[in-house]
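Start at 1 and go down the list; that is how both ligands and their atoms are numbered.
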Amino acid sequence: MSNILSELQNNILTLTINRPEKLNALNKETISELSAALNDVVNNPEVRVVILIGAGTKAFVAGADISEFASFSVQQGKDLSRNGHQALFDLIEHFTKPIIAAVNGFALGGGLELAMSCHIRIASENAKMGLPEVSLGVIPGYGGTQRLPKLIGRGKANEMIFTAGMMKADEALQYGLVNYVVPQEELLEKAKSIAQKILPNSPVAIEKAIKAVNAGFQDGVNGFEEEIKEFGNCFGTADFKEGTSAFLEKRKANFPGK
Ligand code: COA
């Protein structure tokens, strides 16, 4: 798995997209390796939080690999988009463990779409985000037209998409596209510190929270109903028994993750 570097430390899995000479552009191989790396750990209780970052100091991901699709037909274009959604972007959004994007430079096109499919985004001061696809005669195809308006509002998303412009980290923070902006050398540490705050909590409850939050953004799904269902389901879990017992016994919970 040369395009993805993987490191598991203290229940936090850091996956580094590793094509720095191409600014970590997402070619077919990288997408399938990233997808495989996530599928490999989905049932591994040792992995509790995932951090995604790009190799080097210049880019998170500078987009889908333009050289791969430049000569595609209409059908190949549709397949590229659909397969990408299924293999990676939807997988991340609905992943049962929190995924934090550490945006360490350019996050353009598929790179911003990758960050937007993650549950939490933080950025380094040099990060620049944008959806420049219309400058190439195409539109965002990995969820950009759907996730960006939901994150920053339709008007600003339209402006970003139509102008193909880049948003700097401080503006991204102002629009809520990222939660924090920190100096680049502190970025991974900041991502890990957020992960550390997640770790003591119930993995089962977090999984159900991801489901309920996502439900509110899905067409035809009633998010409140999903919340009611998952809230109720929590009462049947060992984590709930442990969490409530620990509180009443005035001790720290030690969640079994079941
Ligand atoms: N797909 C394929 N290759 C890419 C790429 C992409 N999305 N983004 C960067 N690269 C490659 C460049 O072709 C170059 O390769 P080379 O050295 O073999 O020529 C290498 O990465 C370095 O990029 P370069 O353009 O020389 O760096 P820069 O600092 O001058 O510019 C960017 C940085 C991000 C502004 C510029 O690379 C860029 O505009 N990339 C495309 C962004 C984009 O449109 N993404 C959406 C795709 S749908």
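Listed by first then second residue, pairs satisfying side chain to side chain donor-acceptor pair (under 3.5 Å) with a partner in residues 7-23 read Arg19-Asp65, not counting sequence neighbours.
Partners of Ala157 under the side chain to side chain contact (heavy atoms under 4.5 Å, CB included) rule, at least two apart in sequence or in another chain, are Leu148, Pro149, Ile152. Partners of Glu189 according to the side chain to side chain contact (heavy atoms under 4.5 Å, CB included) rule, which considers only residues two or more places apart in sequence or in another chain, do not exist here.
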Walk me through whether Asp239 and Thr237 qualify under side chain to side chain donor-acceptor pair (under 3.5 Å).
CA-CA 5 Å; Asp239 274 11; Thr237 68; 5.8 Å; no

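Using cut-offs of 30° and 60° for the angle between ring planes, the Tyr142 and Phe89 rings count as parallel.
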Between ligand 1 and the protein, which N/O pairs fall short of 3.5 Å?
| from | atom 1 | to | atom 2 | distance (Å) |
| --- | --- | --- | --- | --- |
| ligand 1 | 1 (N) | Ala64 | O | 3.4 |
| ligand 1 | 1 (N) | Ile66 | N | 3.0 |
| ligand 1 | 7 (N) | Ala62 | O | 3.0 |
| ligand 1 | 7 (N) | Ala64 | O | 2.9 |
| ligand 1 | 15 (O) | Lys22 | NZ | 3.4 |
| ligand 1 | 18 (O) | Lys22 | NZ | 2.5 |
| ligand 1 | 29 (O) | Lys58 | NZ | 2.5 |
| ligand 1 | 45 (N) | Ala62 | O | 3.0 |

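Remark: of the listed residues Ile53, Ile31, Thr30, Thr30 is the sole one forming a side chain to side chain contact (heavy atoms under 4.5 Å, CB included) with Ile17.
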